[in-house]
Amino acid sequence: MSRRLALVTGASSGIGKALAREYAANGWDVALTARREDKLRALSEELEKQFGIETYVITADLADSAGPGQIIDALRAAERDVDALINNAGFGLPGTYTQTTWKQQSDFIQLMFASYCELVHRVMPGMQERGFGRILNVASVAGLSPGSRGHTLYSAVKSALIKFSQSLHFEGKEFGIHATALCPGFTYSEFHDVNGTRSMVSQMPSFWWLSAEQVAEAGYNAVQRNEPICVPGLWYKFMTGLMQVLPTHMAMWLMDRNQSKFRAAEDTTQSTPQEG
Ligand SMILES: NC(=O)c1ccc[n+]([C@@H]2O[C@H](COP(=O)([O-])OP(=O)(O)OC[C@H]3O[C@@H](n4cnc5c(N)ncnc54)[C@H](OP(=O)(O)O)[C@@H]3O)[C@@H](O)[C@H]2O)c1
């Protein structure tokens, strides 16, 4: 097989779908994974037809600790190595910490952090042996900003992903492995429909919004160039730059001021959770 293979998690919509398209357009075969098989099959057909590449559809639930192993086993059965890993699958959990169940939070950690780490751990040794690898972890500008009230673990997990990517960036250097944390701001996708915050985030000014294609192109180029952190869009470059130079208490004050405007509607809709 002459073409390299990119494994994209969360490829059934939004940023993951755009990233799969970006890799296919650049001549990579792609392995598409998520839970919704119909969406993956439709994308697979479209990419094979448009770009003449080979695709693999693997359904897996990455909130289940067996998920990463199932994906790698399926690729091993197809005798394909992963040359690029795009860790992207994710969701948002609105509400404050105690307004959510532990099951929701532990699924969140499993999907948004543990599955990313395990997939890297499973594919990186092969990349080292072959002397080539690309690892793109989709984090967020939230990982470069203070924590917020509500979505409690989101910025913590995204921040950990940024640090993780930086470490991989150093560890991969001598093996021809590039590692990048992609940090988008608000991006048009299904994300805010899935977590029920669409009407709230629609109040954001239009210049705050990025397209999934814009984010995917920036991420692809950044990992090709081996940039450890990629923040797409001028507004977010400015905003995250400001967050890095402001004293922490001022950055937290700004965060609090902004979020109280947008989170008020969300908080009133939350009830005490049933433990699950
Ligand atoms: N949109 C934004 O404003 C924004 C900003 C910064 C960062 N991000 C990050 O970008 C990434 C992609 O989000 P998006 O905006 O593209 O949202 P999206 O359109 O909702 O896509 C999320 C993807 O993750 C998959 N997924 C969700 N739960 C899963 C599970 N349990 N197992 C396997 N796959 C699962 C979904 O597929 P199935 O439902 O088919 O499983 C879908 O393909 C996330 O990591 C998110 O944190 C988004």
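When a ligand or atom number is given, it counts from 1 through the structure's own listing order.
Applying the ring pair (Phe, Tyr, Trp, His ring centres under 6.0 Å) test to residues at least two apart or on different chains, the pairs with a partner in residues 103-133 are Phe91-Phe108.
Classification of the Trp235-Phe238 ring pair by plane angle, with boundaries at 30° and 60°, yields tilted.
When side chains are defined from C-beta on, Thr59 does not count as touching Arg36, because their heavy atoms never get closer than 4.5 Å. Inter-residue side-chain proximity for Leu85 and Arg134 is flagged as unmet; no heavy-atom pair is nearer than 4.5 Å.
Two different hydrophobic clusters hold Met255 and Leu93 under the rule that ILVMFWY side chains link at heavy-atom gaps under 4.5 Å.
Within 4.0 Å of ligand 1, the residues that place a heavy atom are Gly10, Ala11, Ser12, Ser13, Gly14, Ile15, Ala34, Arg35, Arg36, Ala60, Asp61, Leu62, Ala63, Asn88, Ala89, Gly90, Leu111, Met112, Tyr116, Val138, Ala139, Ser140, Tyr154, Lys158, Pro184, Gly185, Phe186, Thr187, Ser189, Glu190, Phe191, His192, listed by chain and number.
A donor-acceptor contact shorter than 3.5 Å links the side chain of Tyr236 to the backbone of Phe186.
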